[in-house]
Engineer: 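Dumping the structure here so I can ask a few things about it.
Residue numbers start at 1 and run along the sequence shown. Both ligands and their constituent atoms are indexed starting at 1 by order of listing.
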Amino acid sequence: MTKRTLLSIFFCSTFLALWAQTISIATNNTQMVLQVNSQQRLCQTYLGERLSEQTNLEQLYMPLVGLSSSCIQGLEVYPVMGTEDYYEPTFEIRHADGNPTSVLKYVNHTTDGNLTTIHLRDEVYPVEVTLYYKVFPEEDIIQQWTEITHHEKGKVYLGRYASSMLYLEATNYYLTEFTSDWAKEMQIQSQELKFGKKVLDSRLGARANFMAQPFFEVGIGSPVSEDEGTVLMGTLGWTGNFRFTFEVDNQRVLRVISGINHDASTYLLKKDDTFRTADFYFTLSNKGVGEGSRRFQRWMMNHQLHKAKDDRMTLLNNWENTYFDFDEEKLVALFGEAKDLGVDLFLLDDGWFGNKYPRKDDRAGLGDWQVTQSKLPNGIPYLVRKAKENGVAFGIWIEPEMVNPKSELAEKHPEWLIQLPSRDTYYFRHQMVLDLCNPEVQDFVFGVVDNLMQENPEIRFMKWDCNSPITNIYSPYLKENQGNLYVDYVRGLYNVLDRVKEKYPDLYMMMCSGGGGRSDVRGLNYFTEFWCSDNTDPIERIFIQWGYSHFMPAKAMCAHVTEWNRQTSIKFRVDVAFQGKLGFDIGLRNLSDEDRQYCRQAIKEYNRLKDVVWSPEFYRLVSPYEGQHCVVQRVTPDKSHSLVFAYDINPRYSEMLLPARLKGLDAEAKYRVKEICLMPGRQSWLSCNDKVYTGDYLMKVGIKVTSYNKLDSHIIEITKE
Ligand code: GLA
């Protein structure tokens, strides 16, 4: 070897040592490794099962590492538009001088407990990008977000600002998405991802998840399955437009970009201001979506859901019972029914407000949050008092972000409405969206809650609805910075919700959006629960709840017993709603004595078993997508108590019925199996009823809980002896 070669090796290795920083981000079971390459660019070198402590992370294979310009092509952690990468980037910036790109180089990083912070900087322009990775080790969830700052004079625009880019390598990838529509939330669809791109996104602004829900699953190497295989499960914590891009590149590497949807949202970022992206959360399970769902549910219960450790109230809602047609007398009678039923709370729905334009249907009054004098002459305080006298708490419906053009509010403040100045307005449900970018509007929206609470400190619950997407995208407040609207709207909403949470920490709130049009995990950091769907047909709800159970805990999923699908028995309807946060929205006087008795008894059982129903240890045993039955199971974390919910939909005579093999029990322990919630006077005909089995038996042999009966249901309690 010549002296010259030796010298160049020496210089090269010194240079490499300087920049070969290795950053490990790990939960108990998952690890992500990032490395700074020779060009100071940050790359992902590993994402998979946690490696042993002995592993030399520097040996990890970084494709195309070298000194040529192509070295960063492929795995850069935060690739930028307009540089070497041929595929969809995470970040796009237009500098004040019109230059449309940045080259982001590693500066330094810190790890503080569970948070890793990595600073990147453009060498030429004063632009800083900080990547954050927060790990939840026990739950195996990783949270990622990014902050972007610049110090340029003049206008700097952000064209894209994703939260995360993940790379995965396998021969095949299979995407599961959760499609949506009114009354059709969380329908599961799967497809193989081939070369090119598949985008899941929303551009609806306020009722953002109307047509697509912000969740995905990708089977890595094999289709997604319940208990086997590697699956990436992700969601965006953002109560607005989201975008997930799945791109299979020429090397068959899968690139997953997650973030706020940048469509129509080129953001003007002021000098020295920081743009914080939304939070992306993911888990990489190698035990299928079952394990992934339990991780998400545990994480929601331990870290994310507002008031997760507090109780929830069963309720009687009047929406489907009365619609807009009620008065004081009717409501007071319903308080009595709520008491008789045994629920904790009465929820007064839409139709209680508006005087110049009383809210007698959905065409007028929205925005005028004063009680309709002619309908409720004694106001809300009277209702709260009367509810209390009947032994139930009081809750109330609001839709504070929205306005009917036929309202005093719209007449007084046309400048508060999101609407295009020079075009016809498109109304969704006869209403428009208030411009939450405007701080005055934020004060008004906060005031809707605050005024009600000031007048009625005993209100325990609010159902916060949001029925319209943003349909006429123009903010009078933002003027020429219209690209900021979709993002600043959500930030405005969070400003309001922060104030509500701070001032009224004991208030329970349901997030609702014409059903499940809002259902994101950030929203649930403010709301204690959400309305999964206006569709309460129990057959449809079996599918909708099955869908949400992939990410959401039962405690957050409002499930009401209504009159949808009267072919189903009241028992079947209650047994489906029992799986979530139980409520009723039904005229109880129309029910038979036997049915009413069943409901009362079911509420008592629900109250007794809340800890089991709301446990995140959840198992999907029989899929309604694979036949005419559905069986799911919950187990308490200590494995002492479990509930099995079994439903027969429309079975065929020729079907073979297999026993349901339970999961998550203690194999050594003995458990008593008992069917509960039977119709008055009925006996259980399940052969397993009132028998004792080992956990081992229940998990290996199983119990017969499905039948050939149409629309039959069973709730089975499993108790450790
Ligand atoms: C939405 C909700 C319903 C009900 C109505 C009232 O559609 O999803 O539950 O509150 O609004 O207008």
Engineer: Should the pair Lys330-Asp327 be classified as a salt bridge under the 4.0 Å nitrogen-to-oxygen rule?
Structural biologist: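 Not counted as a salt bridge, because no side-chain N and carboxylate O are separated by less than 4.0 Å.
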
Engineer: Between the protein and ligand 1, are there any N or O atom pairs that come within less than 3.5 Å of each other, and if so, what are their names and distances?
Structural biologist:
{"residue": "ligand 1", "atom": "7 (O)", "partner": "Asn467", "partner atom": "OD1", "Å": "3.3"}
{"residue": "ligand 1", "atom": "7 (O)", "partner": "Asp534", "partner atom": "OD2", "Å": "3.2"}
{"residue": "ligand 1", "atom": "8 (O)", "partner": "Gly515", "partner atom": "N", "Å": "3.1"}
{"residue": "ligand 1", "atom": "8 (O)", "partner": "Asp534", "partner atom": "OD1", "Å": "2.6"}
{"residue": "ligand 1", "atom": "8 (O)", "partner": "Asp534", "partner atom": "OD2", "Å": "3.2"}
{"residue": "ligand 1", "atom": "9 (O)", "partner": "Lys463", "partner atom": "NZ", "Å": "2.8"}
{"residue": "ligand 1", "atom": "9 (O)", "partner": "Asp534", "partner atom": "OD1", "Å": "3.4"}
{"residue": "ligand 1", "atom": "10 (O)", "partner": "Asp349", "partner atom": "OD1", "Å": "2.7"}
{"residue": "ligand 1", "atom": "10 (O)", "partner": "Asp349", "partner atom": "OD2", "Å": "3.4"}
{"residue": "ligand 1", "atom": "10 (O)", "partner": "Trp397", "partner atom": "NE1", "Å": "3.1"}
{"residue": "ligand 1", "atom": "10 (O)", "partner": "Lys463", "partner atom": "NZ", "Å": "2.9"}
{"residue": "ligand 1", "atom": "10 (O)", "partner": "Asp465", "partner atom": "OD2", "Å": "3.4"}
{"residue": "ligand 1", "atom": "11 (O)", "partner": "Asp465", "partner atom": "OD2", "Å": "2.9"}
{"residue": "ligand 1", "atom": "11 (O)", "partner": "Asn467", "partner atom": "ND2", "Å": "3.4"}
{"residue": "ligand 1", "atom": "12 (O)", "partner": "Asp350", "partner atom": "OD2", "Å": "2.6"}
{"residue": "ligand 1", "atom": "12 (O)", "partner": "Arg429", "partner atom": "NH1", "Å": "3.0"}
{"residue": "ligand 1", "atom": "12 (O)", "partner": "Arg429", "partner atom": "NH2", "Å": "2.9"}

Engineer: With a 3.5 Å distance limit and no angle check, can you tell me whether Asp368 reaches the backbone of Tyr357 through a side-chain donor-acceptor pair?
Structural biologist: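 Answer holds: no.
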
Engineer: Regarding Asp349 and Asn317, do their side chains bring together a donor and an acceptor under 3.5 Å, going by distance alone?
Structural biologist: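 Checked: Asp349/Asn317 side chains pair up, N/O donor to acceptor below 3.5 Å.
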
Engineer: When you measure from the side chain of Gln189 to the backbone of Glu177, do you find a donor-acceptor pair of N or O atoms at a distance under 3.5 Å?
Structural biologist: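 Side chain of Gln189 to backbone of Glu177: no pair is present.
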
Engineer: Taking atom types as modelled, is there a side-chain donor on Ser533 or Glu185 under 3.5 Å from an acceptor on the other?
Structural biologist: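 Yes.
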
Engineer: For Glu415, what residues pass the salt bridge (Lys or Arg N to Asp or Glu O under 4.0 Å) criterion, not counting sequence neighbours?
Structural biologist: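 Counting only residues at least two positions away or on another chain, Glu415 forms no salt bridge (Lys or Arg N to Asp or Glu O under 4.0 Å).
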
